[in-house]
2 protein chains.
Amino acid sequence: MASIKDVANLAGVAVGTVSRVINNAPAVKPTTRDKVMAAIKQLNYVPDEVARNFKMQKSKMVALMLPSIWNPFFSELAYYIEDELDRSGFKLMLCNSGGKPEKELYYFDMLKQNKVAGIVGITYNDIENIVSTDIPIISIDRHFNKQITCVTSDNFEGGRVALRELVKAGSKKPAFLGSVPLMYSETLRRKDGFVHEAQTLGIPCAVYEEPDSLKDEDQYYSNFLQRHPDIDGVFAITDMTAARYIEKAKEAGIRVPDDVKVIGYDGIQDHPYFHPLLSTIRQPVEEMARTAVRLLLKKVEGESLDREVFRIPVTYRAGETT
Amino acid sequence: MASIKDVANLAGVAVGTVSRVINNAPAVKPTTRDKVMAAIKQLNYVPDEVARNFKMQKSKMVALMLPSIWNPFFSELAYYIEDELDRSGFKLMLCNSGGKPEKELYYFDMLKQNKVAGIVGITYNDIENIVSTDIPIISIDRHFNKQITCVTSDNFEGGRVALRELVKAGSKKPAFLGSVPLMYSETLRRKDGFVHEAQTLGIPCAVYEEPDSLKDEDQYYSNFLQRHPDIDGVFAITDMTAARYIEKAKEAGIRVPDDVKVIGYDGIQDHPYFHPLLSTIRQPVEEMARTAVRLLLKKVEGESLDREVFRIPVTYRAGETT
DNA sequence: CACTAAATTGGAAACGTTTCAATATCGAAT
DNA sequence: ATTCGATATTGAAACGTTTCCAATTTAGTG
C-alpha cells in the first residue's frame, strides 16, 4: 500500500505538501498540486483513515446503541440514522445491548476506548453519569435531565389524539394499556396525554399498567380483560401491545372494532401481511432519526444545543381497528 | 487521558513493560506486573484502541453491507451477526447500500481506507474483482465462483419441500411465483428445486417470473392471476411476494387456502400481527449469521476455507395458508 | 537591481502503541 | 568468587498522518 511518503518521493516534494494537497489546504501552488495529483493517481494512493484518526485523536464513527436491531421500529430508525450519517461522511457502528445494563456499560467502555465521535443511544440504564462528559450523546425516548439531549416523538400529544380518536370512533369507556414504564422514559407521557385529554373532555378513563411482579404475558392480558370487562376502547402504548391485545381479545370472543376500538402507537408496519391494519399514532421515525443525527453532529462540532428535549410531532393513521 | 507512558512513569518501568502487561505477554515478573497493575488502576488507564489499530495496521471492525437494514430479514440477520462478532471481540459497522452498485463501490472504497478486518456482504454488484484480494469477504446468498465464500440456505431443497407440501395440502396445479432473478443469486435455486421435484413426481408445474420490462407491481400480480387462472397452489420466492399475492388474490375473489394454497420463503415474521400466518420455508437465519461470521473470522486469521458455498438446511413451517 | 512582504515549501515533532535488539538481573553450577 | 544461561527489562524505532516553524522561493516595489 502506497503511503504519503511514496507520493512525496515520486512527486519530488515533502510529505507536508502532499498532506496539504489531499486536505486541499490553501497555499499550494497549482503546478505542485498537479504534480502531487499525478503521483497520487499513478501510485493509486488513498489516505489511511486509521492513521488519520490516530493522529487527529478522533474518528468519524458514531455508535448506535439499542436493545435489538431486530425490532422493526429500531431497524427503521437505524436505516435513517445510517443514511443521515453517511451524508455527513460519518460511519455507523451498531451495538445491540439487549437492554441489559451491564452490556450497555460494557459497550460504553468499548466506545470510549475506540474514541467514537458520538453515540445515539436507546438505553435502559441511567447513563447520566457514565460517558456524558467524554462523548457527545443523543438519547432517543429517554430523558435524563442532563446534557444528554433527548429526541422523542410528541408522546403527550399522541396520547391526547388517541383519546380523541377513540371517542370519535364511538368509544364511551376508553382505557390505556401499557406495560411497566421504564425509568426516564418519555413514552410514559403517552398515558399522561391520554388521561389528561379524558379529564378535559370529562370522559371516564381506565389505566392498566403491567405490575412489576407479573411476568406472564398471557396473564397480563387476561387480567386486563377480566378487570375491565366494560371497556370499549383501548389505547395501547405500542403497536406490539395493541396486536397482542387484539389477539387475546379475539380469543375471548371480543370483536375488534365492533366491540372494542383499538389504537396503537408506533406505526412501523408497512407490510402487506399485517392484518388487521392497526389504527395507530405514527411516530415520525425518519425525522426523529435525522434530527438525532444532526443534533449529535452539532455537539461533535462543539456547538451547544439550546434545548434538552426535542419532541417531533406525530400523526394519526386510521386503520381497520377503529 | 492517561497514556501508556504515564503508567510507565508512575510504575517506574519502561513503556514496553507496560505493553507486555496489558497484553499479558510472558516474561514479566509478578512483582512488576503488580506494580504496573496498580498504576493502571490508579490512573484509570485504558489502552487506546485507535492507536493500537494504527500500529497493528488492522482493526477489529467488520462491515455488514446490505441493501437495507429496514428489511426484517436483514435486520434479524444483522442481530445475530453482531452478537456473534461481539463474542469474538469484533465490532460491527453497518452499511446500507440501497442495493445500488455505485453505493456499494463507494462503501467498498471507504472500508478499504478504514482497514476493516472483513466484510459480510449482501450485494447486487459483481464484487468479484473489487476487493477480494485485499479484504476477506463472506457473501450471503450470492455466489461469485471465486474466493468470496458464500453462505446461504439450502434453496434447492427448500424448493423441493415447498412443492411436496403444496401437493400434500391438496394442490394439483402448483406454480412458482417470483420476481426477476439477481445475477449470481443463489435464491433462484428455490425455483429449480421446486420445478425439479414437480418433474420427479410427474406433476404439472407453472413458473411465473417477473419480466424485466414490467415495473408496475399491480400489473405483475394481475398478469399472473389472468395468465394462470387454474392454479391451486403458489410457492412464492419470498414471504413478501406471498403476502402481496394473497392480497391481490383476495381482491380477485380467490380464497386462501380454500381455492389456492400458498407457501412463502423466509419465515421472518414472528409478530402477533401477521395475519394470516403464512406457511413458509423458514430460513435458518441465526445459523446462517453465525456461520458467516465464523467463516469470516477464520479468513481474517488467515485460514483458507475448504468450500466455496455453505448451504444451511431449511425447515418447513406450517401456517394458515395451506 | 536591491529590498520587502507574501506565498510556498521543507523538515521534524507528535499522536500511543508494539516489537525487537540490546542490556541487566538473578540463581545455580563450577 | 566467577561464569553461564535463562529470565526480565530497557530504550528506541516504526506505523502514516497532520501541523507548526523555519527556510526558501516568488512577486512586487522603489
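Note that the structure is a prediction, hence the values are computed from the model and not measured. Chain letters run A, B, ... following the sequence lines, proteins first and then strands; every chain starts at 1.
- Only Asp48(A), Ala51(A), Arg52(A), Phe54(A), Lys55(A), listed by number, bring a heavy atom of residues 48-55 of chain A to less than 4.0 angstrom from any atom of DNA chain D.
- None of Ile140(B), Ile81(B), Val293(B) except one satisfies the side-chain contact (heavy atoms from CB on, under 4.5 Å) rule with Met288(B); the exception is Ile140(B).
- Every side chain to side chain donor-acceptor pair (under 3.5 Å) that Glu82(B) has, sequence neighbours left out, goes to Asn96(A), Tyr107(A).
- Non-hydrogen atoms lying under 4.0 Å from DNA chain C are contributed by Ser3(B), Ile4(B), Gly16(B), all within residues 2-18 of chain B.
- By the 4.0 Å N-to-carboxylate-O rule, Arg290(B) lies close enough to Glu286(B) to be salt-bridged with it.
- Contacts of Leu10(B) classified as side chain to side chain contact (heavy atoms under 4.5 Å, CB included), with partners at least two apart in sequence or in another chain: Ala39(B), Gln42(B), Leu43(B).
- Helix-axis bend for the helix from dC1(C)-dG30(D) to dT30(C)-dA1(D): the local axis fitted to the five terminal pairs at one end deviates from that at the other end by 60°, rounded to 10°.
- Under the 4.0 Å criterion applied to side-chain N and carboxylate O atoms, Glu49(B) and Lys60(B) are not assigned as salt-bridge partners.
- Salt bridge annotation for Asp83(B)-Arg87(B): present, with a cationic side-chain nitrogen under 4.0 angstrom from a carboxylate oxygen.
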Practice problem: Begin with the C-alpha distance, continue with both residues' side-chain angles, and end with the deciding distance and a verdict on salt bridge (Lys or Arg N to Asp or Glu O under 4.0 Å) for Lys103(B) and Asp86(A). | Solution: CA-CA 11 Å; Lys103(B) 188 122 195 233; Asp86(A) 181 52; 3.2 Å; yes
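- For residues 7-28 of chain A, the set of pairs meeting the salt bridge (Lys or Arg N to Asp or Glu O under 4.0 Å) definition, not counting sequence neighbours, is empty.
- Listed by chain and number, the residues in a salt bridge (Lys or Arg N to Asp or Glu O under 4.0 Å) with Lys35(A) amount to none (sequence neighbours excluded).
- Taking 4.0 Å as the cut-off between side-chain N and carboxylate O, Arg142(A) and Glu186(A) do not count as a salt-bridged pair.
- Non-hydrogen atoms lying under 4.0 Å from DNA chain C are contributed by Ala27(A), Val28(A), Lys29(A), Thr32(A), all within residues 26-35 of chain A.
- Using a 4.0 Å cutoff to heavy atoms of chain B, the contacted part of DNA chain C runs 5' to 3' from dG16(C) to dT19(C).
- Here ring pair (Phe, Tyr, Trp, His ring centres under 6.0 Å) pairs that include residues 3-23 of chain B, with residues two or more places apart or in two chains, number zero.
- The aromatic rings of Trp70(B) and Tyr79(A) are tilted relative to each other, their planes meeting at an angle between 30° and 60°.
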Show which side-chain atoms of residues 295-303 of chain B pair as donor or acceptor with protein atoms under 3.5 Å away, not counting sequence neighbours.
residue   : atom : partner   : partner atom : Å
Lys299(B) : NZ   : Ile137(B) : O            : 3.0
Lys299(B) : NZ   : Gln147(B) : O            : 2.6
Lys299(B) : NZ   : Thr149(B) : OG1          : 3.0

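- Under 4.0 Å is where a charged nitrogen must lie from a carboxylate oxygen, and between Asp154(B) and Arg189(B) no such pair does.
- Here ring pair (Phe, Tyr, Trp, His ring centres under 6.0 Å) pairs that include residues 4-35 of chain A, with residues two or more places apart or in two chains, number zero.
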